[in-house]
Amino acid sequence: MTVSSIASAAPVGPSGRAIRRIWEAVLAVHSDEAHQLHALRDVRDLGEYRDALSCLYGIHQPVEAAVAAASPLWRPLGVDLAGVCRLDSLRKDLAATGLSDAECAALPRCSVPPILSLPDALGVAFTMLGSVFGGRKTCERVAEALPGAPTAFFSDTGPVSWRRFAEVTEAALPDPARREQAVQAAVATMRCVASWAAAWTASTSPSRA
């Protein structure tokens, strides 16, 4: 099961300066071997699917925690940036594949860059929101390859629409310096999760031989 890239899966091209700048930077470092897509290549059974979801949990849990901890920075925007990680839905899918709450809590997690400013938070949230669009295609592929497999996470569009996120991002990043802060945060997050997903896949690949 091979899935297309996160960034290219978004429904429309960016229009505002901030979103366009982040978008272009993320595309420059993105590849099909990154994030959820690497872990979900060629999943053959429910056990491998659970392993792929576990990889995603190791990304989304620390990112959500970091964004939530920075809520004083973004809460005034009136959007739930932490919710874009859709962690509750991911936990639900892991439980449905047989992982207990204790096992889920014990899963390894990647180290994510700190969020020190509002531009940081918006850049990180951009990468997580982008995975919503990739998730739509992934949901279809999972349903085709593993009928009946839980797909709450990939079906979950989260609490923030792309249009609303773009609006608040443009308003919050009116000048080039703040836009570049968001760009650096988005790029750092993409590199972090790509490295995590590649390492996870390498560590589990012998079991797929």
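Keep in mind that this is a model prediction, so the values were computed, not measured. Just so it is clear, the values below take in all heavy atoms, side chains as well, and ignore hydrogens, waters and symmetry mates.
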Check your understanding: How many angstroms lie between atom OG1 of T189 and atom CG of D120, to the nearest 0.5 angstrom?
Key -> 8.5 Å

Practice item. Can you tell me which residue pairs pass the ring-ring contact (aromatic ring centres under 6.0 Å, His included) test with a partner in residues 92-114, sequence neighbours excluded? Key: none

Check your understanding: side-chain hydrogen bond (donor to acceptor under 3.5 Å, both in side chains): which pairs involve residues 66-81, sequence neighbours left out?
Key -> none

Review point. Is there any ring-ring contact (aromatic ring centres under 6.0 Å, His included) pair reaching into residues 169-196, and which pairs are they, with sequence neighbours excluded?
Key: W196-W200

Exercise for review: Test F154 against L56 for side-chain contact (heavy atoms from CB on, under 4.5 Å), laying out the working first.
Suggested key: CA-CA 11 Å; F154 298 113; L56 291 178; 3.7 Å; yes

Point to revise | Distance, nearest 0.5 Å, that separates CZ of R179 from OG1 of T169 | key: 12.0 Å

**Study point:** Heavy-atom closest pair, residues A66 and V112
**Key:** CB-CG2, 4.1 Å

Practice item. Run the numbers on L77 and L122 for side-chain contact (heavy atoms from CB on, under 4.5 Å), then give the verdict. Key: CA-CA 11 Å; L77 298 178; L122 291 168; 4.1 Å; yes

Check your understanding: Given the rule in the side-chain contact (heavy atoms from CB on, under 4.5 Å) test, do V132 and R86 qualify, once you have shown the distances and angles that lead to the verdict?
Key -> CA-CA 9 Å; V132 170; R86 294 130 37 235; 3.5 Å; yes

**Study point:** L81 and F165: CA distance, side-chain angles, deciding distance, side-chain contact (heavy atoms from CB on, under 4.5 Å) verdict
**Key:** CA-CA 9 Å; L81 294 188; F165 178 77; 4.0 Å; yes

Review point. Does R17 offer a backbone N or O that forms a donor-acceptor pair with the side chain of E170 under 3.5 Å?
Key: yes

Point to revise | Non-neighbouring partners of E64 that pass side chain to side chain donor-acceptor pair (under 3.5 Å), sequence neighbours left out | key: none

Check your understanding: Nearest heavy-atom pair of V84 and A125: which atoms, and what distance?
Key -> CG2-O, 4.1 Å

Study note, to complete from the structure: Rounded to the nearest 0.5 angstrom, the CG-CG distance for D51 and L94 is 10.5 Å

Revision key, fill the gap. Correct closest heavy-atom pair for G123 and A186 would be O-CB, 3.3 Å

Point to revise | Nearest atoms (heavy-atom pairs only) where P150 meets Y49 | key: O-OH, 2.7 Å

Check your understanding: Can you check whether T127 reaches V193 side chain to side chain, under 4.5 Å on heavy atoms?
Key -> no

Review point. Under the salt bridge (Lys or Arg N to Asp or Glu O under 4.0 Å) test, which residues partner R91, sequence neighbours left out?
Key: D88

Practice item. Find the distance between SG (C104) and CZ (R50) and round it off to the nearest 0.5 Å. Key: 12.0 Å

Point to revise | D101 atom CG, neighbour heavy-atom count above 12 within 6.0 Å | key: no

Review point. Mind checking what makes salt bridge (Lys or Arg N to Asp or Glu O under 4.0 Å) contact with R164, not counting sequence neighbours?
Key: E167

Review point. Between Q184 (side chain) and Q181 (backbone), is there a donor-acceptor pair under 3.5 Å?
Key: no

Study note, to complete from the structure: In this structure, CG of L118 is separated from CZ of R178 (nearest 0.5 Å) by 5.5 Å

Check your understanding: Taking atom NE2 of H60 and atom SG of C110, what is their separation to the nearest 0.5 Å?
Key -> 9.5 Å

Revision key, fill the gap. Residues 125-135 vs salt bridge (Lys or Arg N to Asp or Glu O under 4.0 Å), sequence neighbours excluded, gives none

Point to revise | Residue pairs passing the ring-ring contact (aromatic ring centres under 6.0 Å, His included) test where at least one lies in residues 82-128, sequence neighbours excluded | key: F126-W162

Review point. What are the two closest non-hydrogen atoms of R44 and L146, and how far apart are they?
Key: O-CD2, 3.8 Å

Practice item. Establish whether V124 and L116 are linked, either directly or via other cluster members, by ILVMFWY side-chain heavy-atom contacts under 4.5 Å. Key: no

Point to revise | Side-chain heavy-atom pair D93, T97 within 4.5 angstrom cut-off | key: no

Point to revise | ring-ring contact (aromatic ring centres under 6.0 Å, His included) contacts touching residues 77-108 (sequence neighbours left out) | key: none

**Study point:** Under the side chain to side chain donor-acceptor pair (under 3.5 Å) test, residues paired with S89 that sit two or more places apart
**Key:** D156

Point to revise | For E180, salt bridge (Lys or Arg N to Asp or Glu O under 4.0 Å) partners two or more places apart | key: R21

Check your understanding: How far apart are the closest heavy atoms of L173 and P119, and which atoms are they?
Key -> CD2-CG, 3.7 Å

Practice item. Identify, with sequence neighbours excluded, every residue that meets side chain to side chain donor-acceptor pair (under 3.5 Å) alongside S111. Key: none

